[in-house]
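Naming convention: chains lettered A, B, ... in sequence-line order (proteins, then strands); numbering from 1 in each chain. Note that the structure is a prediction, hence the values are computed from the model and not measured. Excluded from the calculations below are hydrogen atoms, water molecules and symmetry mates; all remaining heavy atoms, backbone and side chain alike, are included.
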Protein chains: 2
Amino acid sequence: MRYPASETAEKHTRILNEAARLFRERGFSGVSVSEIMKATGLTHGPFYNHFTSKEALMAESLTHTSTTSLADLEASGQSPQAMLAYIDTYLSTDHRDAPGDGCLMAALASEVRHEPAVRGCFTTHLKAAIDKLTAHFPWPSKRRARADSIRLLSSMVGALILARAVDDEALSDEILKEVRSGLR
Amino acid sequence: MRYPASETAEKHTRILNEAARLFRERGFSGVSVSEIMKATGLTHGPFYNHFTSKEALMAESLTHTSTTSLADLEASGQSPQAMLAYIDTYLSTDHRDAPGDGCLMAALASEVRHEPAVRGCFTTHLKAAIDKLTAHFPWPSKRRARADSIRLLSSMVGALILARAVDDEALSDEILKEVRSGLR
DNA sequence: TGTACATCAGTGAACGCGCGTTCACTGATGTAC
DNA sequence: TGTACATCAGTGAACGCGCGTTCACTGATGTAC
């Protein structure tokens with residue numbers, strides 16, 4: 001049956017939000033189109049009214065997540081304290097235990113390598129993240145700010161991925177803690 | 001038909017080697033049992049003469065790769081120069097472009113999170129890697145050697161994963177280069 | 001304002017496909033005598 | 001040493017399953033008059 005036109009755009013956004021959350025939680029290949037549609041409260045059929053393919057959704061959800069998560073960074077303060085708080089939040093057990101709401105890169109970087117359809121979007125996101133980090137925080141040397149941002153990002157992403165992969169909570173906590181104190 | 005008994009063990013090892021290579025290249029879920037068996041020159045049927053399931057192969061191939069790749073680390077020298085050479089090799093474009101022969105953690109850490117069957121093996125490997133790094137290299141402070149090893153590993157793994165995910169070779173090279181110089 | 005009709009997002013059965021896994025069969029090897 | 005037979009890794013067709021995707025159909029909404 002026909003539905004109010006106003007709901008269409010809202011449903012599109014809801015699919016994107018659910019997809020973004022589920023993909024980060026369980027990976028692109030760990031989530032089916034049907035599951036995403038079920039999470040939005042619909043059957044799988046109308047998926048193709050909104051997106052041309054699962055790959056297209058992957059790309060669009062990645063771009064969608066990119067804009068919202070970079071807004072978080074810009075919302076934080078620019079003081080050295082704000083920078084440390086940002087790092088502490090990123091390397092917190094809360095972030096580790098909630099990948100669905102967390103960093104896109106830590107959740108999906110590995111899988112992106114195998115999905116040609118989303119590498120472009122991911123690259124755009126990473127470039128934006130480096131630029132925002134470089135511009136936003138009070139780096140000791142302006143000249144080295146970009147290199148320092150790249151190093152910070154690599155450390156944080158690597159630590160979070162390892163902390164999430166590991167079976168042993170003590171080791172996982174230790175990784176987060178040591179990388180946190182290394183960045184002070 | 002029956003085959004020489006001597007070949008059985010050798011075929012088992014060949015399956016493990018091919019699996020270890022293919023899993024690192026394309027991920028656990030990106031490689032099928034049939035592909036692995038084809039790579040060893042057999043049909044898919046006898047797979048279950050060697051392993052009880054794909055998950056069992058994933059676990060065994062991870063343990064198998066662990067022992068061989070940690071041997072590489074022990075084979076390197078213990079001088080500060082050897083340590084820098086190890087880091088440079090890890091963060092080289094050659095390593096980035098050959099995941100099939102490279103670091104297990106950079107290739108599979110993300111997927112391990114979604115595969116309960118291999119998290120234990122992965123954790124064992126990561127612990128061994130931290131211990132070997134800690135004991136093997138000439139860290140400035142013995143007391144902080146373990147924390148420094150964890151930080152080094154996080155940086156290297158994170159940088160390699162990001163460098164591999166990205167679509168843009170200049171950015172990929174930049175990530176490797178900056179993290180390399182940050183570790184000098 | 002009321003009526004008749006076209007629209008089109010949602011439904012849910014169905015499609016082909018590749019996956020992990022099973023199994024009846026094959027036939028050279030290893031063993032018993 | 002030669003013969004008869006049991007063994008068992010490999011073969012390849014077949015299984016059920018869940019996936020991404022398609023499509024004939026439904027029926028409340030929006031539009032034309």
Side-chain angles (χ1 to χ4, degrees), chain A residues 1-23 25-62 108 111-112 114-118 121, chain B residues 1-23 25-62 108 111-112 114-118 121:
Chain A
M1 66 177 182
R2 190 164 182 174
Y3 284 70
S6 59
E7 287 181 17
T8 303
E10 188 243 341
K11 275 172 187 163
H12 188 91
T13 310
R14 248 164 59 207
I15 297 173
L16 277 178
N17 284 333
E18 292 302 324
R21 186 178 59 79
L22 287 167
F23 284 152
E25 266 173 20
R26 310 217 298 269
F28 292 126
S29 61
V31 183
S32 70
V33 168
S34 296
E35 278 179 293
I36 295 165
M37 293 304 281
K38 196 174 286 172
T40 68
L42 298 171
T43 53
H44 59 277
F47 175 77
Y48 295 91
N49 295 338
H50 291 281
F51 303 93
T52 59
S53 66
K54 189 190 182 185
E55 288 199 338
L57 170 65
M58 282 158 44
E60 200 170 323
S61 90
L62 211 147
L108 294 169
E111 218 176 343
V112 162
H114 310 118
E115 299 289 349
V118 300
C121 306
Chain B
M1 64 178 180
R2 192 163 180 175
Y3 284 68
S6 59
E7 287 180 17
T8 302
E10 188 242 342
K11 275 172 188 163
H12 189 89
T13 310
R14 248 165 57 207
I15 297 173
L16 277 177
N17 285 332
E18 291 302 324
R21 186 178 59 79
L22 286 168
F23 285 152
E25 267 174 20
R26 310 216 298 270
F28 292 126
S29 61
V31 184
S32 69
V33 168
S34 296
E35 277 179 294
I36 295 164
M37 294 304 282
K38 196 174 285 173
T40 69
L42 299 171
T43 52
H44 60 277
F47 174 77
Y48 295 90
N49 295 337
H50 291 280
F51 303 92
T52 60
S53 66
K54 191 190 180 185
E55 286 198 340
L57 170 65
M58 282 159 42
E60 199 169 323
S61 90
L62 211 147
L108 294 169
E111 218 177 343
V112 163
H114 310 118
E115 300 287 350
V118 300
C121 306

So which protein N/O to nucleotides 24-27 of chain D N/O distances come out below 3.5 Å?
| from | atom 1 | to | atom 2 | distance (Å) |
| --- | --- | --- | --- | --- |
| D/dT26 | O2 | A/Met1 | N | 2.4 |
| D/dG27 | N2 | A/Met1 | O | 3.4 |
| D/dG27 | N2 | A/Arg2 | N | 2.3 |
| D/dG27 | N3 | A/Arg2 | N | 3.4 |

Rounded to whole Å, CD of A/Glu7 lies from C1' of D/dG30 at a distance of 14 Å
At 4.0 Å (heavy atoms only), tell me whether B/Pro46 reaches a base, stays on the sugar-phosphate, or touches nothing. base
Measure NZ/B/Lys38 against P/D/dG10 and give the value in whole Å, please. 17 Å
Out of D/dT29, D/dG10, C/dT11, minimum distance to the side chain of A/Thr43 belongs to C/dT11
Taking atom types as modelled, is there a side-chain donor on B/His114 or A/Glu111 under 3.5 Å from an acceptor on the other? no
Taking the minimum atom-to-atom distance to the side chain of B/Leu42, which one of D/dA9, C/dG10, D/dT11 wins? D/dT11
Look at the side chain of A/Thr8 and decide which nucleotide, out of C/dG12, C/dA9, D/dG10, has an atom nearest to it. C/dA9
Once you round to the nearest 0.5 Å, how far does CD1 of A/Ile36 lie from CD of A/Glu18? 9.0 Å
Send over the distance from A/Arg14 CZ to C/dA9 P, rounded to a whole Å. 15 Å
To check you understand the geometry: which heavy-atom pair defines the closest contact between B/Gly30 and B/Glu35, and what is its length? O-OE1, 3.9 Å
Grab the N/O contacts between the protein and nucleotides 15-21 of chain C below 3.5 Å, and write none if there aren't any.
| from | atom 1 | to | atom 2 | distance (Å) |
| --- | --- | --- | --- | --- |
| C/dG20 | OP1 | B/Lys54 | NZ | 2.8 |
| C/dG20 | OP2 | B/Val33 | N | 2.9 |
| C/dT21 | OP2 | B/Tyr48 | OH | 2.5 |
| C/dT21 | OP2 | B/Lys54 | N | 2.9 |
| C/dT21 | O5' | B/Tyr48 | OH | 2.9 |
| C/dT21 | O4 | B/His44 | NE2 | 3.3 |

